[in-house]
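These notes concern the structure reproduced below.
Numbers restart at 1 for each chain; the letters A, B, ... are given by sequence-line order, proteins then strands.
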Protein chains: 2
Amino acid sequence: MLSKDEEKKISSAVIKRLPRYYRYLGELLENDIERISSKELSVRMDVTASQIRQDLNNFGGFGQQGYGYNVEYLYNEISKILGLEKTYNIIIVGAGNLGQALANYIDFEKSGFVVKGLFDVNPKIVGISVRGLEIQDIDNMEMYVKNKHIDIAVLTLPKQKAPKIANDLAEWGIKGIWNFAPTDLQLKDKSVTIENVHLSESLMTLSYRIKDRV
Amino acid sequence: MLSKDEEKKISSAVIKRLPRYYRYLGELLENDIERISSKELSVRMDVTASQIRQDLNNFGGFGQQGYGYNVEYLYNEISKILGLEKTYNIIIVGAGNLGQALANYIDFEKSGFVVKGLFDVNPKIVGISVRGLEIQDIDNMEMYVKNKHIDIAVLTLPKQKAPKIANDLAEWGIKGIWNFAPTDLQLKDKSVTIENVHLSESLMTLSYRIKDRV
DNA sequence: TGAAATTTGACAGATATTTCACAAAAGACT
DNA sequence: AGTCTTTTGTGAAATATCTGTCAAATTTCA
Ligand SMILES: NC(=O)c1ccc[n+]([C@@H]2O[C@H](COP(=O)([O-])OP(=O)(O)OC[C@H]3O[C@@H](n4cnc5c(N)ncnc54)[C@H](O)[C@@H]3O)[C@@H](O)[C@H]2O)c1
Ligand SMILES: NC(=O)c1ccc[n+]([C@@H]2O[C@H](COP(=O)([O-])OP(=O)(O)OC[C@H]3O[C@@H](n4cnc5c(N)ncnc54)[C@H](O)[C@@H]3O)[C@@H](O)[C@H]2O)c1
């Protein structure tokens, strides 16, 4: 058996596709579909059957020849692979437009991401309640993160403030940062995982692809 | 010269990197940095210099041997490539949490994306003003899109409603759809460009990458 | 039960993407 | 002006990713 460090490295292309499989399987499950072949799933998802089988085989043989994949079993396996069987405690840093929108989104909880706190510097909004959570002053954040086992911080604050806050959070033991500020965070502490969401960049690729320009 | 259809196809990997170059160049510009070599940019961006040169060369030789790239010139060229020298008229469909957050985000305008209208079915919020724009009833949308030269629609409504609305919008002449609903839109009309933003999937890849699971 | 149909997992071949390496052009310096 | 240094653009090599194919396992159907 391969030791932890020798385990086959899963390519990030594969990882990025897993949540999509998970979503489609969830829909199949809702529709009481018990099994599915890579062929049929490939039609629904508009990818090749070969890719589906190859992707899944990175993690083990979940299917059965002549039968296909059991939807519920595969759904649960992917859930485990993605780490969704755990619960993650989340805080949102920057309780402005985007921070509040994310805080109000209940579907994250279905996947195990539970918003435990909201923080902001603006005294005008500190104390306001968002989905049952009072926005707290940023000065409380250190104690809060250290005491409440916060796993993930969502950064929805101005890009100038993001690097400092990210570093602090890393020091206080956070595991992951979901960053919406338009900057690429780089931490000394490489044990902290960063996922950048650059919405403006997504919109720009859309504008690139709009043919016969406006 | 190659005709339109024969033009070298730019890979989507390259396209997705362009906005990032654009962002870094914008920052250099703000710092009055006049020129930059691929080598130095590669250090700042943490990619290889070779990749930068290769990417840019898909669109033309913007640099000069022994000198590097002129920041302002390159910034403007990438702006043109991305189609940002134009103004895009945008509407937001579904003026809930996320729709309002996006409507309030002024930075989109700096890149030429101007929010012209907000639409919703909920009579309780129709009429409410968001950044100077009244939320309109969805029934007004057809006339509005047809008369006001709307280029892009942002879909921030429930996933069940998204496919129908997307089809309508396509029929009414929209060019692009920026979809936040957790579903993959597929339109008959292939001339409409769709950019999906699946935030939950982004969060799931973060959870995958968090080592020493919680 | 046995033959036909289905479908996976694996691997090899085909594409795509990234990196390397270097000639040639231009700048910098004396 | 001439030499040395920098740095691009490019083609080729190295990687990475995706697709096609098929034996083997299993199901389906008569
Ligand atoms: N809203 C969008 O649609 C959108 C789109 C793309 C990117 N973003 C990015 O997301 C981030 C948030 O955007 P927004 O629209 O919600 O902005 P916003 O101004 O509505 O909210 C930002 C919040 O951060 C708070 N803040 C400022 N400094 C802070 C600090 N040091 N600690 C804690 N909180 C602090 C502010 O008080 C404010 O409440 C920004 O970086 C923005 O560029 C937003
Ligand atoms: N808020 C988030 O953080 C977040 C994260 C990931 C995905 N999303 C997705 O983005 C979409 C919007 O999320 P939200 O949090 O803003 O939800 P929301 O419920 O706050 O807003 C949705 C809005 O759409 C309106 N609506 C419903 N049917 C409509 C129709 N047929 N035409 C026009 N408007 C209609 C509703 O009245 C509501 O105002 C959803 O699909 C959601 O799954 C949101």
Side-chain angles (χ1 to χ4, degrees), chain A residues 2 6-21 24-25 28 33-78 81 205 208-209, chain B residues 2 6-21 24-25 28 33-78 81 205 208-209:
Chain A
L2 296 168
E6 291 163 330
E7 268 170 29
K8 178 153 46 73
K9 175 85 169 62
I10 307 295
S11 85
S12 88
V14 173
I15 297 166
K16 276 191 277 205
R17 284 193 292 268
L18 289 178
R20 188 157 179 263
Y21 294 132
Y24 275 83
L25 289 164
L28 292 173
I33 294 169
E34 226 172 68
R35 61 146 136 168
I36 188 120
S37 68
S38 60
K39 180 77 193 337
E40 198 192 330
L41 190 55
S42 81
V43 172
R44 291 176 185 251
M45 295 187 65
D46 197 24
V47 295
T48 64
S50 187
Q51 177 161 81
I52 294 173
R53 294 202 299 276
Q54 180 117 309
D55 282 352
L56 297 177
N57 262 84
N58 281 291
F59 305 96
F62 301 132
Q64 193 160 40
Q65 283 135 321
Y67 174 89
Y69 299 87
N70 178 282
V71 172
E72 188 172 2
Y73 174 68
L74 184 56
Y75 180 80
N76 289 329
E77 286 301 311
I78 296 181
I81 293 165
T205 64
Y208 173 88
R209 287 184 290 127
Chain B
L2 296 168
E6 291 162 333
E7 269 168 29
K8 178 151 50 74
K9 175 84 169 59
I10 308 294
S11 85
S12 89
V14 173
I15 297 167
K16 276 191 275 203
R17 283 193 293 268
L18 289 177
R20 188 156 178 263
Y21 294 131
Y24 275 82
L25 289 164
L28 292 172
I33 294 170
E34 224 171 70
R35 61 146 136 166
I36 188 117
S37 68
S38 60
K39 181 75 195 337
E40 200 192 329
L41 190 56
S42 82
V43 173
R44 292 175 183 251
M45 295 187 63
D46 196 24
V47 295
T48 65
S50 184
Q51 178 161 81
I52 293 173
R53 295 203 297 277
Q54 183 104 299
D55 281 353
L56 297 177
N57 261 84
N58 281 293
F59 305 98
F62 302 131
Q64 194 159 41
Q65 281 134 324
Y67 174 88
Y69 298 86
N70 177 283
V71 173
E72 189 172 2
Y73 174 69
L74 184 56
Y75 180 81
N76 288 329
E77 286 301 313
I78 296 183
I81 293 165
T205 64
Y208 174 88
R209 287 184 291 127

Report summary line: Heavy-atom nearest nucleotide on DNA chain D taken for B/Ser50 and for B/Arg35; more 5' hit belongs to B/Arg35

**Report entry** Side-chain donor or acceptor of A/Arg20 paired with backbone N/O of A/Met45 under 3.5 Å
**Finding:** yes

**Report entry** Comparing A/Gly66 and B/Arg53 on DNA chain D - which has the more 5′ nearest nucleotide
**Finding:** B/Arg53

Query raised in the report: OP1 or OP2 of C/dT17 sitting under 4.0 Å from any side-chain N/O of B/Ser11?
Result: yes

**Report entry** Closest non-hydrogen atom pair, B/Leu74 against B/Phe62
**Finding:** CD1-CD1, 3.6 Å

Query raised in the report: A/Ser38 and A/Tyr69: side-chain contact (heavy atoms from CB on, under 4.5 Å), yes or no, with the steps?
Result: CA-CA 8 Å; A/Ser38 60; A/Tyr69 299 87; 4.1 Å; yes

Query raised in the report: Can you tell me how far C1' of C/dA16 sits from CG of B/Asn58, to the nearest Å?
Result: 13 Å

Query - A/Ile15 CD1 to D/dT17 C1', straight-line distance once rounded to whole Å - result: 14 Å

Query raised in the report: Does the side chain of B/Ser38 get closer than 4.0 angstrom to OP1 or OP2 of D/dT7 through an N or O atom?
Result: no

Query raised in the report: Between A/Ile36 and A/Leu28, what is the shortest heavy-atom contact and its length?
Result: CD1-CD1, 3.6 Å

Query raised in the report: To the nearest Å, how far apart are A/Gln65 CD and D/dT28 P?
Result: 14 Å

Query raised in the report: Rounded to the Å, how far apart are A/Tyr67 OH and C/dT8 P?
Result: 11 Å

Requested in this report: Using only side-chain N and O atoms of A/Thr48, determine if any of them is under 4.0 Å from OP1 or OP2 of D/dC18.
Outcome: no

Query raised in the report: Whole Å only: how far is the CE atom of B/Met45 from the P atom of C/dT19?
Result: 13 Å

Report summary line: Testing D/dA25, D/dC18, C/dT17 for proximity to the side chain of A/Gln51, the answer is D/dC18

Query raised in the report: Taking only N and O in the side chain of A/Asn57, is any of them less than 4.0 Å away from OP1 or OP2 of C/dA10?
Result: yes

Query raised in the report: Closest to the A/Ser37 side chain: D/dT26, C/dG27, C/dT8?
Result: C/dT8

Requested in this report: Specify the separation, in whole Å, of atom CD of B/Glu40 and atom P of D/dT8.
Outcome: 11 Å

Query raised in the report: Are any side-chain N or O atoms of A/Asp46 and backbone N or O atoms of A/Ser42, one a donor and one an acceptor, separated by less than 3.5 Å?
Result: no

Requested in this report: In whole angstrom, give the distance that lies between atom CG of A/Leu56 and atom P of C/dT8.
Outcome: 9 Å

Query raised in the report: Can a donor-acceptor pair under 3.5 Å be found between the side-chain atoms of A/Gln64 and the base atoms of D/dT27?
Result: no

Requested in this report: Could you state the atom-to-atom distance from NZ of A/Lys39 to P of D/dT26 in whole Å?
Outcome: 23 Å

